[in-house]
Amino acid sequence: MPWILVSSLVGLGVGFGFDKSMGNLLCCVQVDQSTVAIKEQFGKYQDVLQPGCHFLPWCFGFQLAGHLSLRLQQLDVRCETKTKDNVFVNVVASIQYRALADKANDAFYKLSNTKGQIQAYVFDVIRASVPKLNLDDVFEQKNEIAKAVEDELEKAMSAYGYEIVQTLIVDIEPDEHVKRAMNEINAAARMRVAANEKAEAEKILQIKRAEGEAESKYLSGLGIARQRQAIVDGLRDSVLGFSVNVPGTSAKDVMDMVLLTQYFDTMKEIGASSKSSAVFLPHGPGAVRDVASQIRDGLLQASVDH
């Protein structure tokens, strides 16, 4: 009869939406989803209550010792340690773990401070692994460090009813002075590369400029040589034509006259220049012959020297 009355009251309470305090009064408890409850009788473990509504007659010594969440939890552990090259770094490890439903009693009773236990194992593994590596190797091998932490935690925490889902090394932060020095080293290296590239570019420009100047001088020399060849050809044609058209003149006479004419044309150009100074020429009846003789003798002397 009392059981029927309790059941009726429970049905009435559930129908009208009674709260947890009323449920406790009626010896009923509610366990939420993704949570289990630990059932005890007179302080001794009895069972694990799954999500739902359960009858727990307190008059017979039954009670809830507590609840245990089965949800995935995350713990961020910040550990300061020293590398092999004597650089202090702060390593931040993110541990994702959860309690196992089939080992809920171990997870509830065996550990009083789950986060503290996990943190202790993380400290132990990181401070045993990082001092074996240089700073650059710590950044490169962070996955290996995370794997070592995960293996150690999995081996230790499985005995207490916990599963290590994932372990991540989310941050490696050296001392501020070390970071500044590393940035300066990288900046200097980049500046050195930039200077080398700039010097190489200037070298290429100078080579191309020199090649251009050499090509220009070569072409200029070809032009001068062709110009002189054209002058010689013109003088030769003029001498031959004058000798044919003027009887009694020799090629030597015509050549003397052409050289003397070019000499006076040159002197005229010198006098017309704005930067020219005074030029004194001998004047007299035999001056023209003397000038012609001097030009001829100079040309003959040059031919002998060559």
Side-chain angles (χ1 to χ4, degrees), residues 69 71-99 111 113-160 162-222:
S69 176
R71 295 180 180 179
L72 184 66
Q73 302 182 60
Q74 178 168 313
L75 174 63
D76 292 331
V77 180
R78 186 180 187 89
C79 177
E80 183 180 15
T81 185
K82 186 180 72 171
T83 62
K84 186 177 180 180
D85 47 355
N86 297 322
V87 177
F88 282 91
V89 293
N90 287 310
V91 181
V92 180
S94 181
I95 314 300
Q96 298 176 355
Y97 66 99
R98 64 186 171 195
L111 288 180
N113 186 358
T114 305
K115 293 184 177 181
Q117 186 81 1
I118 293 177
Q119 186 176 15
Y121 279 106
V122 173
F123 281 170
D124 181 66
V125 176
I126 290 180
R127 288 175 176 169
S129 302
V130 174
K132 300 177 182 178
L133 304 172
N134 292 324
L135 181 60
D136 293 338
D137 296 333
V138 173
F139 284 94
E140 295 176 0
Q141 301 182 23
K142 71 181 188 68
N143 291 334
E144 286 78 1
I145 298 174
K147 186 67 169 58
V149 174
E150 182 176 347
D151 292 343
E152 186 67 21
L153 284 175
E154 182 68 29
K155 181 172 61 176
M157 299 303 293
S158 60
Y160 300 112
Y162 282 93
E163 176 190 11
I164 305 300
V165 178
Q166 186 73 31
T167 300
L168 303 173
I169 302 297
V170 296
D171 191 17
I172 300 174
E173 184 179 356
D175 184 77
E176 187 64 30
H177 298 290
V178 176
K179 289 197 295 183
R180 187 180 302 112
M182 293 174 64
N183 291 333
E184 291 177 355
I185 292 173
N186 291 332
R190 293 179 183 275
M191 290 179 64
R192 183 168 59 251
V193 173
N196 290 336
E197 294 294 334
K198 184 178 180 181
E200 189 67 23
E202 292 179 353
K203 175 183 176 182
I204 294 174
L205 289 176
Q206 291 179 359
I207 292 175
K208 294 298 182 182
R209 190 181 298 112
E211 291 176 353
E213 291 178 357
E215 185 70 18
S216 175
K217 291 179 179 180
Y218 172 75
L219 295 176
S220 177
L222 289 179

### Query
Which pairs, with at least one residue in residues 113-135 and sequence neighbours excluded, count as a side chain to side chain donor-acceptor pair (under 3.5 Å)?
Thr114-Tyr162

## Note on the structure
Looking only at heavy atoms, the pair that brings Pro131 and Ala128 closest together is CD-C, 4.0 Å

### Query
What heavy-atom pair brings Phe88 and Glu80 nearest, and what distance separates the two atoms?
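Taking Phe88 first and Glu80 second, the nearest heavy atoms are CD2-OE2, 4.2 Å.
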
Heavy atoms, side chains only, cut-off 4.5 Å: are [X] and [Y] in contact?
| X | Y | result |
| --- | --- | --- |
| Leu133 | Lys84 | no |
| Glu211 | Ile207 | yes |
| Arg98 | Val165 | yes |

To the nearest 0.5 Å, tell me how far [X] [atom1] sits from [Y] [atom2].
| X | Y | atom1 | atom2 | result |
| --- | --- | --- | --- | --- |
| Ile164 | Ile118 | CD1 | CD1 | 5.0 Å |
| Gln96 | Asp76 | CD | CG | 9.0 Å |
| Ile169 | Gln141 | CD1 | CD | 12.5 Å |
| Asn196 | Met191 | CG | CE | 12.0 Å |

### Query
Can you tell me if OH on Tyr160 sees more than 12 non-hydrogen neighbours from other groups inside 6.0 Å?
no

### Query
If only atom types and distance count, is the side chain of Ser158 paired as donor or acceptor with the main-chain N or O of Glu154 below 3.5 Å?
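Present.
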
### Query
Among all residues two or more places apart in sequence or in another chain, which pass the side-chain contact (heavy atoms from CB on, under 4.5 Å) test with Lys198?
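Lys198 satisfies side-chain contact (heavy atoms from CB on, under 4.5 Å) with Glu202 only.
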
Side-chain donor-acceptor pairs of residues 143-153 under 3.5 Å, sequence neighbours excluded:
{"from": "Lys147", "atom 1": "NZ", "to": "Asp151", "atom 2": "OD1", "distance (Å)": "2.9"}
{"from": "Lys147", "atom 1": "NZ", "to": "Asp151", "atom 2": "OD2", "distance (Å)": "3.1"}

